[in-house]
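Each remark here refers to the structure printed beneath this line.
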Amino acid sequence: MTHNAMTQLTVETIRAELVALSTGRGLNLEKIAGSPLVKLPETPGEWTDDQRATALQRIITECCHALSQEKLRTGAQVGFNIDGEDTGDPSLTARIDALARRRGRHERTVREWFYRGTSEVALLLQQRVAELNIRDGWREYLENDGIVDLLEAGSHRFSLDRTEILVRLSGRFLTEVLVFRSLVALDDGVDHYVATSRYHSDPRPGVVFLEPLANCVVRRSAFTSNGHQVSELEFPATLPPGRRISFAYRLRVQSDREMVPVLSYVPKAQQDNRYILQVQFDPATTPDRLWYFAGVLGPETRLHPDNEHQWLRPSGLGYVRKGFVELSRGLHYGVAWDWPL
């Protein structure tokens with residue numbers, strides 16, 4: 001089957017192939033490489049099927065994350081097993097059953113979320129592939145060794161003593177994030193911090209731009225194929241073990257896509273002692289309901305809390321602040337909200 005013939009696949013056919021990819025343990029490169037969908041990208045002739053499968057996996061993941069309806073987005077993420085939780089559930093049915101139990105919903109309801117979400121992903125995938133084919137944009141999705149080098153550059157051990165961010169919105173659109181960090185060196189040779197960021201509503205490369213504000217400069221910077229801004233921030237001097245440094249930077253966002261109504265922070269390999277989240281909503285566009293979550297799995301961030309103390313109320317000017325202490329690696333901390341209908 002030629003590439004031109006493949007690009008004429010209907011959304012329903014693409015949806016059926018996506019459902020097939022979700023079976024078993026979910027989306028992976030081996031299954032994509034064996035799927036008819038791997039012929040969708042009109043990539044340069046020297047590309048291998050493995051490279052096309054890698055690019056397609058990233059785009060399918062982006063399309064899932066870009067779904068605007070939370071239930072459909074979560075259904076697709078859990079169905080494809082790309083929600084970041086790595087539950088180990090061996091089948092699509094097991095993952096759907098687990099989500100249904102967490103949400104207190106019937107299995108048929110959650111399965112419907114998955115199928116409806118997959119239909120929307122199929123449409124987004126068809127549109128995204130057509131866009132990339134027309135403008136020969138597939139080279140953005142080749143593996144970038146420079147990104148790996150940047151991430152490996154952050155391998156020196158340190159403790160994130162304090163992280164404070166201020167998120168600003170205009171209407172329902174994210175405009176900027178101010179980030180203030182304080183870390184303590186645990187090894188010799190700590191002279192930089194690798195900052196990674198991504199606007200999940202719009203994972204296209206170039207949407208997020210990092211600007212150093214205090215006590216750091218950008219040594220080098222790059223975009224990953226799935227929209228992460230990765231920047232190596234250099235400190236004024238190398239830190240000996242036990243030395244603390246504070247620094248700050250700004251993330252500017254340029255996108256016409258509405259923000260997904262959740263701000264989630266997940267501690268990674270380094271220790272996090274304190275995290276303070278501030279949000280400045282547009283005073284003319286404040287949430288209908290707003291709550292915080294702490295120490296939960298990804299799909300649970302959008303659940304309305306049972307504990308009344310988790311509900312938050314912005315100030316008259318749309319400002320809200322929430323602090324978290326002693327964060328656990330791999331769990332989610334932050335706030336979520338519902339916009340007025």
Side-chain angles (χ1 to χ4, degrees), residues 84-86 144-168 176-200 208-224 228-253 262-280 292-298 301 319-335:
E85 304 305 335
D86 192 20
N144 188 333
D145 293 335
I147 299 297
V148 176
D149 291 342
L150 270 176
L151 294 175
E152 289 180 348
S155 60
H156 291 294
R157 291 179 63 243
F158 57 81
S159 170
L160 276 172
D161 186 57
R162 180 185 178 97
T163 297
E164 184 166 354
I165 72 171
L166 171 61
V167 179
R168 295 173 56 88
E176 67 175 3
V177 182
L178 303 179
V179 184
F180 304 85
R181 295 194 187 276
S182 174
L183 65 80
V184 178
L186 303 179
D187 285 344
D188 288 317
V190 175
D191 65 353
H192 67 276
Y193 175 80
V194 177
T196 61
S197 56
R198 184 176 188 263
Y199 184 36
H200 290 280
V208 180
F209 175 77
L210 184 146
E211 172 190 353
L213 293 180
N215 214 22
C216 62
V217 296
V218 176
R219 180 186 290 171
R220 49 181 174 157
S221 185
F223 290 103
T224 67
H228 280 89
Q229 161 80 50
V230 183
S231 299
E232 185 177 330
L233 302 178
E234 184 177 5
F235 301 146
T238 301
L239 306 178
R243 181 69 57 84
R244 174 182 282 101
I245 188 172
S246 296
F247 58 101
Y249 54 93
R250 183 201 319 268
L251 301 171
R252 295 189 182 276
V253 179
V262 60
L263 287 165
S264 181
Y265 177 65
V266 183
K268 302 298 184 183
Q270 308 293 5
Q271 180 182 357
D272 283 83
N273 292 329
R274 186 170 179 82
Y275 171 59
I276 299 172
L277 172 60
Q278 302 172 83
V279 186
Q280 178 62 63
Y292 79 86
F293 50 86
V296 303
L297 300 176
T301 59
Y319 172 84
V320 68
R321 181 182 188 275
K322 177 60 186 174
F324 304 89
V325 295
E326 302 299 332
L327 285 69
S328 298
R329 177 181 176 182
L331 296 180
H332 292 249
Y333 300 82
V335 299

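What you see is a predicted model, and the numbers here were worked out from it, not measured in a lab.
With sequence neighbours excluded, the residues satisfying ring-ring contact (aromatic ring centres under 6.0 Å, His included) with F235 are F247. Applying the side chain to side chain donor-acceptor pair (under 3.5 Å) rule to E234 yields no partners; only residues at least two apart in sequence or on another chain are considered. For R243, there are no salt bridge (charged side-chain N to carboxylate O under 4.0 Å, His left out) partners at least two apart in sequence or on another chain. Considering only residues two or more places apart in sequence or on other chains, Y333 meets the ring-ring contact (aromatic ring centres under 6.0 Å, His included) condition with F324. Residues passing the side chain to side chain donor-acceptor pair (under 3.5 Å) test with R321: none are found, sequence neighbours excluded. Residues forming a side chain to side chain donor-acceptor pair (under 3.5 Å) with Y193 (at least two apart in sequence, or on another chain): R181.
The closest side-chain heavy-atom distance from V190 to I245 is not below 4.5 Å. Inter-residue side-chain proximity for V262 and F293 is flagged as met; some heavy-atom pair is nearer than 4.5 Å. L327 places a side-chain heavy atom less than 4.5 Å from the side chain of Y265. A heavy-atom distance below 4.5 Å is found between the side chains of L160 and F158. Residues D188 and P241 are in side-chain contact: their nearest non-hydrogen atoms beyond the backbone lie under 4.5 Å apart.
Closest heavy-atom contact between L210 and P212: CD2-N, 4.0 Å. Contact record, N215 with S246: ND2-O, 2.9 Å, taken as the closest heavy-atom pair. Across S264 and T301, no two heavy atoms sit closer than the pair OG-CG2, 4.3 Å.
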Checklist entry - Is there a side-chain contact (heavy atoms from CB on, under 4.5 Å) between F180 and I276 once you walk through the steps? => result CA-CA 10 Å; F180 304 85; I276 299 172; over 6 Å; no

Item to check | Steps toward side-chain contact (heavy atoms from CB on, under 4.5 Å) verdict (V279, L263) | outcome: CA-CA 9 Å; V279 186; L263 287 165; 3.5 Å; yes

Next on the checklist: Run the side-chain contact (heavy atoms from CB on, under 4.5 Å) test on H192 and L233 for me, step by step, so that the C-alpha distance in whole Å, both residues' side-chain angles and the decisive distance to 0.1 Å come before the verdict.
Outcome noted: CA-CA 5 Å; H192 67 276; L233 302 178; 5.8 Å; no

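Put simply, CD on Q278 and CD1 on I165 are 9.0 Å apart, with the number rounded to the nearest 0.5 Å. With rounding to the nearest 0.5 angstrom, the OG1 atom of T163 is 11.5 Å from the CG atom of L277. Atom-to-atom distance recorded for Y275:OH and E164:CD is 10.0 Å, nearest 0.5 angstrom. Distance check, rounded to the nearest 0.5 Å: CZ of R244 to OG of S159 gives 8.5 Å. Expressed to the nearest 0.5 Å, how far OG of S231 lies from CZ of R219 amounts to 12.5 Å.
Of the possible donor and acceptor atoms, none in the side chain of D161 sits under 3.5 Å from a partner among the backbone N and O of S182.
Heavy-atom contacts from other residues, nucleotides or ligands closer than 6.0 Å to CZ of R168 number 12 or fewer.
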